[in-house]
Amino acid sequence: MGQVKYIFVTGGVTSSLGKGIISASLGKLLTARGLRVTIQKFDPYINVDPGTLNPYEHGECYVTEDGAETDLDLGHYERFLAVNTSQKNNVTTGRIYHNVITKEREGEYLGKTVQVIPHITDEIKRNFLALGHNGDYDVIITEIGGSVGDIESLPFIEAIRQTIWDLGHENCIVVHLTLIPYLKAVGELKTKPTQHSVKKLLESGIQPDILVCRSERPINNDIRKKLALFCNVPINRVVSSIDAKTIYDVPVLMRKEKLDERVLELFGLPIDGDPDLKHWEDFLERLKNPKKEVDIALVGKYVELHDAYKSIAESFIHAGAANECKVNVSWISSEDVDEESVEEMLKSHDGILIAPGFGERGFEGKIAAARYARENKVPFFGICLGLQVAVIEFGRHVLGYKDANSTEMDPITKNPIIDLMEEQKKITKKGGTMRLGAYSCRLKEGTKVFNIYKETDISERHRHRYEFNNDYLERFESKGMIAAGINPDSGLVEIMELKNHPWFIGTQFHPELRSRAVEPHPLFVSFIKAALKNREKKEKA
Ligand code: GLN
């Protein structure tokens, strides 16, 4: 295919309508028709990236292969499309301004007044098109964060208008996602908020090509007609997006509404039969017809907001489907766990996962949970901080280092079993300075992880500053906790596992960032399998 086609996805009426899922679903359908698609997200906030945001502010920070700290919607794109994204796929207002101001300091605009129009909008436009230059993609979907009408989205909306003007409408379309609320008192779906939000777009010179309408109830033909008439959109381009049982249903629902065909028509591209959704539908079939179930405790610090652990929650869904098993996750605040309460809180669970995290709060609760899993032979999965917790617990209670700790929690501990990585010691700036992105890991033959991955050299994504202190490794291994995976270049411990335990694995990396709906992560699949086994054993006893 020649000219790259651009789809802009905007949102109206309210935020949190699921633009990310709609973008990912449309991307999925186009990929399933053989097109090469990527999705990027433009966020109107001023942070250069979400890496320094508290998860309660913004949900999980999703890390890409190339080490970008990005919005969690990129996780949806990867999970749906099964392709990698990169730094270029997530751009914020902060990054745009940062680029423009850097250029200004370098003298690139010498003599000119630097302004929002044209300099900021030009920089946005340059970034809109950046992924389209190498011939890697046929279609680029750009999701704009926030809602139309927000003051901070205005430069993005203007940049879309100009891009349509530059490239022509046959190469650029706008999909607008809105809400059709249901008013119980009158028993009606209301179109007015959508009309207003389309008017807002029109004020900025943009006529949406397709309306995707979120609603709790089905949108009948009269409502579609009304929306078409008042929003200047042909009726077959008013697409209904009714609340779904699972986000993974949305591609199928969008297919029923023929969203993919409407897009192809607008681009003047041929519609050859149906998209190939076989693997997707197989996955959905298994997801919806579980034969068994397991209860998993997810012990973490940010449990009130499930978005803080989005990729872990989704990885459980993928791994559950692979095992034809429903995974019930209990979100347990590590601050509520201590040596006394731990048994009561965890005993009904078939597996325990300790989540990634930062800082001291809730740390001792995680230690208690890891100890419980180790001593009671409950399948245990520790991710990043979860691995660090598991080794500190082992150091304290098996090796007898009573004050064993991470220097993150206790900078003057005599037994820094987890310590700041050497290259981190000189770093003072917080943004984008952790060990980020994909690094390789060599697995030891004969270990559990080797049997799970079935290969020696793997690569996984990271986001941390601290690491296992190799001065202690011999003592750990002599007592049965072994370094099953190390980074071949630096010797950094990537995986620890326990020998005399059915399933006790901690990873310094984040496997959840690599799990996809149709390619579940092997560690999650194996963990769920072990939890199932544990459950069966308990049921028999
Ligand atoms: N706080 C720990 C570190 O920086 C763990 C980070 C994480 O869990 N992502 O090493």
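Just so it is clear, the model here is predicted, and its values are computed rather than measured. Both ligands and their constituent atoms are indexed starting at 1 by order of listing. This chain uses plain numbering: 1 for the first residue, then up along the sequence.
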D457 side chain near R442 side chain, heavy-atom distance below 4.5 Å: yes
Please write down residue, atom name and distance for the protein heavy atom closest to atom 10 (O) of ligand 1. Y466 N, 2.9 Å
Side chain, backbone, both or neither: H464 near ligand 1, heavy atoms under 4.0 Å: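 The answer is both, backbone and side chain.
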N/O to N/O below 3.5 Å, does that happen between G357 and ligand 1? yes
Please indicate whether any nitrogen or oxygen in Q508 is less than 3.5 Å from any nitrogen or oxygen in ligand 1.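 By distance alone, the answer is no.
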Please verify whether a non-hydrogen atom of M434 lies at under 4.0 Å from ligand 1.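 False for this residue.
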Check for me whether Q388 has a heavy atom closer than 4.0 Å to any atom of ligand 1. yes
Classify the angle between the aromatic ring planes of Y401 and Y472 as parallel (below 30°), tilted (30 to 60°) or perpendicular (above 60°).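 Geometry flag for Y472 against Y401: perpendicular rings.
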Which of parallel (below 30°), tilted (30 to 60°) and perpendicular (above 60°) describes W280 and F80? tilted
Quick one: which ligand 1 atoms are inside 4.0 Å of a heavy atom on [X]?
X	value
R465	3 (C), 4 (O), 10 (O)
C384	5 (C), 6 (C), 7 (C), 8 (O), 9 (N)
E408	1 (N), 2 (C), 3 (C)
H510	9 (N)
R463	6 (C), 7 (C), 9 (N)

First locate atom CD1 of I140, then atom OH of Y6, and finally report the distance between them rounded to the nearest 0.5 Å. 4.0 Å
Atom pair NE2 (H464) and CG (L420), whose distance is rounded to the nearest 0.5 Å: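 Atom-to-atom, H464:NE2 and L420:CG are 11.0 Å apart.
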State whether a side-chain donor-acceptor pair under 3.5 Å links E460 with Y453. yes
Please name all residues satisfying side-chain contact (heavy atoms from CB on, under 4.5 Å) with R463, sequence neighbours left out, ordered by chain then number. C61, V63, E69, F358, M434, L436, H510
Residues K19 and V9: closest non-hydrogen pair is CD-O, 4.1 Å
